[in-house]
Amino acid sequence: MAGVTKANWEDTMIKTLKGAVAALALTATSAIAGDLVINFDDLNPGPKQGFDDMIAQFKQENPDINVITNVNDREAHKTAIRNFLTADAPDVTSWYPGNRMAPFVDAGLFQPVDDVWDANNFHEDLAAIKATMSRDGKIWGVPYSYYQWGIYYRKDVFDLLELSEPQTWDELLAACAKMKDNGVTPFTIGTKFLWTAAGVFDYLNLRTNGYDVHNDLTAGKIKYTDPRIVKTFENWKVLIDECGFVDNHASMSWQDAIAPFANGDAAMYVMGNFSVDGYKNAGLTDAQIDFMPFPTIDASVPLAEEAPADAFFIPTNAKNVEDAKKFLAFVARPDVQTKLNKTIGQLPINAKAEISDDKFIQEGFALLNSATGIAQFYDRDAPAAMAKAGMEGFQEFMLDTSKMMAVLERLDQVQTEVYK
Amino acid sequence: MTDISQRTNENPSWLKRNKLAIAPWIFLVPALIFFAIYVVIPIFESLWLSLYEWNGLYTADGQSTATWVGFQNYVKLWDDPNFWVSLRNNLAWLILYMLAVPAGLMIALFLNQTVTGMRFYKSMFFFPFVISQVVVGLIFGWFYNPDFGVVGTIWKWAFCEETVNILGNATFKCARPVPDILSSPEWATYGIIFAGLWPQVAYCMILYLTGLNNVAADQIEAARLDGAKGWKMLWFVVIPQLRPATFIAVVVTVIGALRSFDMIAIMTQGGPFGSTNVLAHYMFEVAISEYGERYGYGSAVASVLFAIMLVYISYFLWRMYQDEKDSR
């Protein structure tokens, strides 16, 4: 157990350092006509393999285009993109929709790709993500993948306690009570890097108030001291008091928090589907873990889910726009999305694509298809400064729930400054 | 012949006449150029930037997207609780870091004896200063970790008993929860300062060890004949002679305290919820980190930090100047 946590910690450190080096060393590949420069931002084995396969297929179908790829680490890419969009723009780059693309759209660094959507029937096939890809009435990119969030739980612990997947808030609280009686901490989480707490908040808010309130809050249209958001926090307090999270969560990363889950000390984890790899690396098998949607809190609120998407964009300074658009059309094709997402273990966005037979993917697909709204994530839907303050507030609240109103009032203050 | 040589002596070129005055400047020019590019100009740039609101982006044709806001960033800073927390932590660093000076002196006095293997012990005490601050931060991060660190292990041994959980795996039940120093808003800063003291004490120790080499043996002997020993000997005879070493030790410790960025970045990233931030790290967080992108505001934080340092630097320069004048 100790070995795992320590290794993960080191891993994070090394990644940060590597990212910094990579950002410096990012090769400025200058392009000539006929070249198509694509920047991609995931060096993890699965995604990189998926991307490489996809590029190989694109080259095969378009032998006249000379594709040049720069694959960078995620964190390094976040720094580098701020520079290369102006200084040395590629023809296509990966980035995130929602508020994450807003600064670049507002600065005129991305170009709209409505024509690609019109020509390829994407308005229908990619409908799930259309809203978050849009800003100022235009569409700015093409998504290639997304993944579901929800509760991952220890099926063997649930079986031992004769629990079934709780469908409602009351059932969840009852299940928690039973777990606590048997010495199991209901939830694990690691809030050291803050964003994990935002996942819990988003789901509580989506279930308490629904999709529109989530959007209005992240758009700065309602205050944090609004009675509806206060209600969300009160539910969160109930969750902390009656269910409870592991101790010391503020000093753990999300990977560290897998340790108590793998050991059977904690039974549930509000997480994204990328975490399944982590459970399996910690020695858990498919039979021991399962996925369930976050239970309903208010039955009258339609179910919306959290599913962050990844997308490709064309910078304004791209030199080969024609081929870049060809690539974007290619990326969203059902067969391409099917293959890519099978390799990277996520969900295709194109409604006509097929999914792999992995049980988490299957459940996620069913979940997202039935959802009435798809939220990105608190830190992608809200502007950066608000997200940072908000997530710090969530962590502070989780450590001491008595500070609720003080936290909410401070977030109101930040809100008035951020959305002017 | 004689005429010509005389004439050249009377009328040497301007360069030759001012040789002594010019030579130092020629040697200084490269350093001055780099100092200007990397220090002086950025200072003014960031002062200027602190009057703008800017997310660090340029438009596609290279125009900055900054907008002029005057002193608004400073007004915001005044109302920003995170700024005051950072400032208070800066102060805690400055005060507590000073412990490194007496602690370094104590260790130096202790090590200043002739015993076989003393060189080895000295180098062992000096070791933490040699390793990078990042490594020190990482080691102390593990040290404090409630699950597998030294603190956690000792605590578990004292207050916890090992049991099996529902699945039959080993787990711990604790009478009192393990202290999680780096996640506690009250204690985390002190935890980091303590970690920072480890290399800083070593640095002060080495300064005092060299100082102790130069303490005049005859004065010690004379004091001893007069009956001085123990604390009196230390306070009235040894420490006054160590004054230059003390001055340098204080200077490097103040600088060390104000530079505390790396340990914080490694150990807590300013968390939990910003309670271990210092101004340097807060500036980084606001301007450059993933959720930052507020360069104007970050520059305002930097300007305040600069103003605070300026007070100290001016005192330091004035003091140096006085010393130079006395010794001339």
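Keep in mind it's a predicted model, so treat the numbers as computed, not measured. Naming convention: chains lettered A, B, ... in sequence-line order (proteins, then strands); numbering from 1 in each chain.
Screening A:Glu396, A:Glu392, A:His249 against A:Thr191 for a side-chain hydrogen bond (donor to acceptor under 3.5 Å, both in side chains) leaves a single residue, A:His249.
Among B:Ile181, B:Asp61, B:Thr268, B:Asn169, the residue making the largest number of heavy-atom pairs under 4.5 Å with chain A is B:Asn169. When each of A:Arg82, A:Lys78, A:Lys388 is checked for heavy-atom pairs under 4.5 Å with chain B, A:Arg82 comes out on top. Listed options A:Thr316, A:Leu109, A:Asn248, A:Thr86 were ranked by heavy-atom pairs under 4.5 angstrom with chain B; first place goes to A:Asn248. Of the listed residues (A:Ala250, A:Ala387, A:Ala389), the greatest number of heavy-atom pairs within a distance under 4.5 Å of chain B belongs to A:Ala250.
A donor atom on one side chain and an acceptor atom on the other are not found under 3.5 Å apart for B:Ser50 and B:Asn73. A side-chain donor-acceptor contact under 3.5 Å links B:Asn55 and B:Thr65. Between the side chains of B:Asn165 and A:Asp265, at least one donor N or O lies within less than 3.5 Å of an accepting N or O.
Contact annotation for A:Leu85: neither backbone nor side-chain heavy atoms come within less than 4.5 Å of a heavy atom of chain B. Of the atoms belonging to B:Pro81, it is side-chain heavy atoms, and not backbone ones, that fall under 4.5 Å from chain A. Neither the backbone nor the side chain of A:Met386 comes within contact range of chain B; no heavy atoms are under 4.5 Å apart. Residue B:Asp80 does not touch chain A at all, counting heavy-atom pairs closer than 4.5 Å. For a residue to count as touching a neighbouring chain, one of its non-hydrogen atoms must lie under 4.5 Å from one of that chain's; by this rule A:Phe394 does not touch chain B. With a 4.5 angstrom heavy-atom cutoff, B:Gln63 does not touch chain A via any of its atoms.
Residue pairs meeting the disulfide bond (SG atoms under 2.5 Å apart) criterion with at least one member in residues 132-172 of chain B, sequence neighbours excluded, are B:Cys160-B:Cys174.
By the ring pair (Phe, Tyr, Trp, His ring centres under 6.0 Å) test, A:Tyr419 is found to be paired with no residue, residues two or more places apart in sequence or in another chain being considered.
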